[in-house]
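Below is one structure, written out as structure tokens; the observations come after it.
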Amino acid sequence: MQHPTSTDIQRVREFLLDLQARICAGLEQQEKAGGGTSEFIIDDWERPEGGGGRSRVLQNGTVIEKGGVMFSHINISKLPASATERHPQIAGAKAQALGVSLVIHPKNPNIPTSHANVRLFVAEREGQDPIWWFGGGFDLTPFYPDEQDVIDWHQAAYDLCQPFGDNVYAEHKKWCDDYFYLKHRDEQRGVGGLFFDDLNCWDFETCFKYIQAVGNGYLNAILPIFEKHREQPYTEAQREFQLYRRGRYVEYNLVYDRGTLFGLQTGGRIESILVSLPNLAGWSYRPEWDEDSPEKRLTDYYLKPRDWLNLKEKVA
């Protein structure tokens, strides 16, 4: 197996920083097109243990209520349980992790919340070959879904996976459906996309090309959704439903998300770890909606794992 050199890791770092900048530029353009003036602030930081990152955050915009696009490249002297429980062979090794992770919470309930991340992990023990893998993916969490948006989102995922094998999309889609699942609610977090971890089944260069495709694919897939719904009107009741559903997003990230747990267990920068949480969210006690309402249809139809590219059932 090909192992990454310091030059390889630097190439990944440069791609990630460029990806972060391009995603922020694309989203800022949506903010400006919607009449806003907010921009992503840049916050460079270092951590005592080694490494650091660049946080880019936009808050209280006209189109984007809160968005965080975070780059980090950290050194780890003691790996946390969230890493060693799944990979006991790296216990006691020194490691470095680098990646871009983002969550975008639009203000308009007709635009879904979206999430993406791509990352590289390398563990090294003196005298031994490094152990490495890539991870990442992207997923969509709508409140008032547009079925064509969901289909297009999955088509973009399918298309970027095809050069890497006929089964990649199906495997990583299922992994996404299984991973972004709230067990205590018995429901999906959203309509899915791609998720993968521990990726080193190909040579390093092919794995690197795949995360490049995923990172670029997120931007290509999300911008048309903003364009389509940015000016769409909404009611105060729809806004309240959006805040209620955001509560589910908060529950997932604080209870199940591995990235959040990894950051907390490695003494990470708390502002960066919790930037995925929206400024506003809500929890209502046993809310009820009419059987034929869009709110009921969200959970009864959309928040179920589906073959979105071969639909037989359509929304009424």
Subject >> Minimum-distance pair of heavy atoms, taken over all atoms of Cys207 and Cys201 >> reply: SG-N, 4.4 Å
Subject >> Output field: ring centroids Trp133/Phe196 closer than 6.0 Å >> reply: no
Original post:
What distance separates Ile211 CD1 from Leu199 CG, expressed to the nearest 0.5 Å?
Top reply: 9.0 Å
Subject >> Heavy-atom closest pair, residues Phe138 and Gly217 >> reply: CE2-C, 4.0 Å
**OP:** For residues Val63 and Glu31, report the shortest heavy-atom separation together with the two atoms involved.
**Re:** N-OE1, 2.9 Å
Original post:
Side chains of Tyr301 and Glu147: is there a donor and an acceptor less than 3.5 Å apart?
Top reply: yes
Original post:
How are the rings of Phe71 and His73 set relative to one another: parallel (under 30°), tilted (30 to 60°) or perpendicular (over 60°)?
Top reply: perpendicular
Original post:
Does the side chain of Leu274 come within less than 4.5 Å of Leu254's, by heavy atoms?
Top reply: yes
Original post:
Checking side chain to side chain contact (heavy atoms under 4.5 Å, CB included) for the pair Asp300/Trp289: CA distance, chi angles, key distance, verdict?
Top reply: CA-CA 12 Å; Asp300 288 0; Trp289 292 277; over 6 Å; no
Original post:
If you measure only the distance, is there a donor-acceptor pair under 3.5 Å linking the side chains of Gln148 and Asp152?
Top reply: yes
Original post:
If only atom types and distance count, is the side chain of Glu28 paired as donor or acceptor with the main-chain N or O of Phe40 below 3.5 Å?
Top reply: yes
**OP:** Give a yes-or-no answer on whether the side chains of Tyr234 and His229 include a donor-acceptor pair shorter than 3.5 Å.
**Re:** no
**OP:** Please examine the side chains of Trp153 and Tyr218, heavy atoms only from C-beta on, and report whether any two atoms are closer than 4.5 Å.
**Re:** yes
Original post:
If you draw a 6.0 Å radius around CD in Glu271, do more than 12 non-hydrogen atoms from other residues or ligands fall strictly inside?
Top reply: no
**OP:** Inspect the contact between Glu187 and Arg245 and indicate whether a charged nitrogen and a carboxylate oxygen are less than 4.0 angstrom apart.
**Re:** yes
**OP:** To the nearest 0.5 Å, tell me how far Ile64 CD1 sits from Lys66 NZ.
**Re:** 13.0 Å
**OP:** Please name the pair of heavy atoms, one in Asn253 and one in Ser276, separated by the smallest distance, quoted to 0.1 Å.
**Re:** ND2-OG, 2.8 Å
Original post:
Does Val275 reach the side chain of Val103, with side-chain heavy atoms less than 4.5 Å apart?
Top reply: no
**OP:** Output yes when Asp197 and Arg119 qualify as a salt bridge under the 4.0 Å nitrogen-oxygen rule, no when they do not.
**Re:** yes
Subject >> Within the 6.0 Å centroid threshold, strictly below: Tyr249 and His105 >> reply: yes
Subject >> Leu17/Val100 under side chain to side chain contact (heavy atoms under 4.5 Å, CB included): CA gap, chis, key distance, verdict >> reply: CA-CA 8 Å; Leu17 284 167; Val100 163; over 6 Å; no
Subject >> Rounded distance (nearest 0.5 Å) linking atom CD of Gln212 with atom CG of Asp18 >> reply: 10.0 Å
Subject >> Passing candidate, ring-ring contact (aromatic ring centres under 6.0 Å, His included) with His172, options Phe195, Phe134, Tyr210 >> reply: Tyr210
Original post:
Is there a side chain to side chain contact (heavy atoms under 4.5 Å, CB included) between Leu309 and Asp307 once you walk through the steps?
Top reply: CA-CA 6 Å; Leu309 300 182; Asp307 181 358; 4.1 Å; yes
Original post:
Going by atom types alone, do Gln30 and Glu227 pair a side-chain donor with an acceptor below 3.5 Å?
Top reply: yes
Subject >> Pro106 to Phe226 - nearest heavy-atom pair and separation >> reply: CG-CZ, 3.9 Å
Original post:
Is there a donor-acceptor contact under 3.5 Å from the side chain of Asp290 to the main chain of Ser293?
Top reply: no
Original post:
Short question: side chain of Gln96, backbone of Asn75 - any donor-acceptor pair under 3.5 Å?
Top reply: no
Subject >> Which atom of Asn110 lies closest to which atom of Pro112, heavy atoms considered >> reply: O-CD, 3.8 Å
Subject >> Gap separating the CZ atom of Arg22 from the CG atom of Leu219, nearest 0.5 angstrom >> reply: 7.0 Å
Original post:
Atom CD of Gln20 and atom OG of Ser72: how far apart are they, to the nearest 0.5 Å?
Top reply: 9.5 Å
Original post:
Looking only at atom types and distance, does a side-chain atom of Asn117 sit under 3.5 Å from a main-chain N or O of Gly99, one as donor and one as acceptor?
Top reply: no
Original post:
Ring centroid separation for Phe143 and Phe241, is it under 6.0 angstrom?
Top reply: no
Original post:
Can you find a heavy atom in the side chain of Ile270 that is under 4.5 Å from one in the side chain of Leu264?
Top reply: yes
Original post:
If you measure only the distance, is there a donor-acceptor pair under 3.5 Å linking the side chains of Gln242 and Arg239?
Top reply: yes
Subject >> Any side-chain heavy-atom pair of Ile222 and Leu140 under 4.5 Å >> reply: yes
Original post:
Stepwise, does the side chain to side chain contact (heavy atoms under 4.5 Å, CB included) test hold for Tyr169 with Leu194?
Top reply: CA-CA 7 Å; Tyr169 167 75; Leu194 301 172; 3.9 Å; yes
Subject >> Asp177 with Lys173: basic N within carboxylate O range, under 4.0 Å >> reply: yes
Original post:
Above 12 or not: heavy atoms from other molecules or residues under 6.0 Å from CD of Glu14?
Top reply: yes
**OP:** Before accepting this row, confirm whether a basic side-chain N of the pair Arg189/Asp257 lies closer than 4.0 Å to the acidic partner's carboxylate O.
**Re:** no
Original post:
Does Phe204 reach the side chain of Leu120, with side-chain heavy atoms less than 4.5 Å apart?
Top reply: yes
Original post:
How long is the span from the CZ atom in Arg13 to the OG atom in Ser6, to the nearest 0.5 Å?
Top reply: 13.0 Å
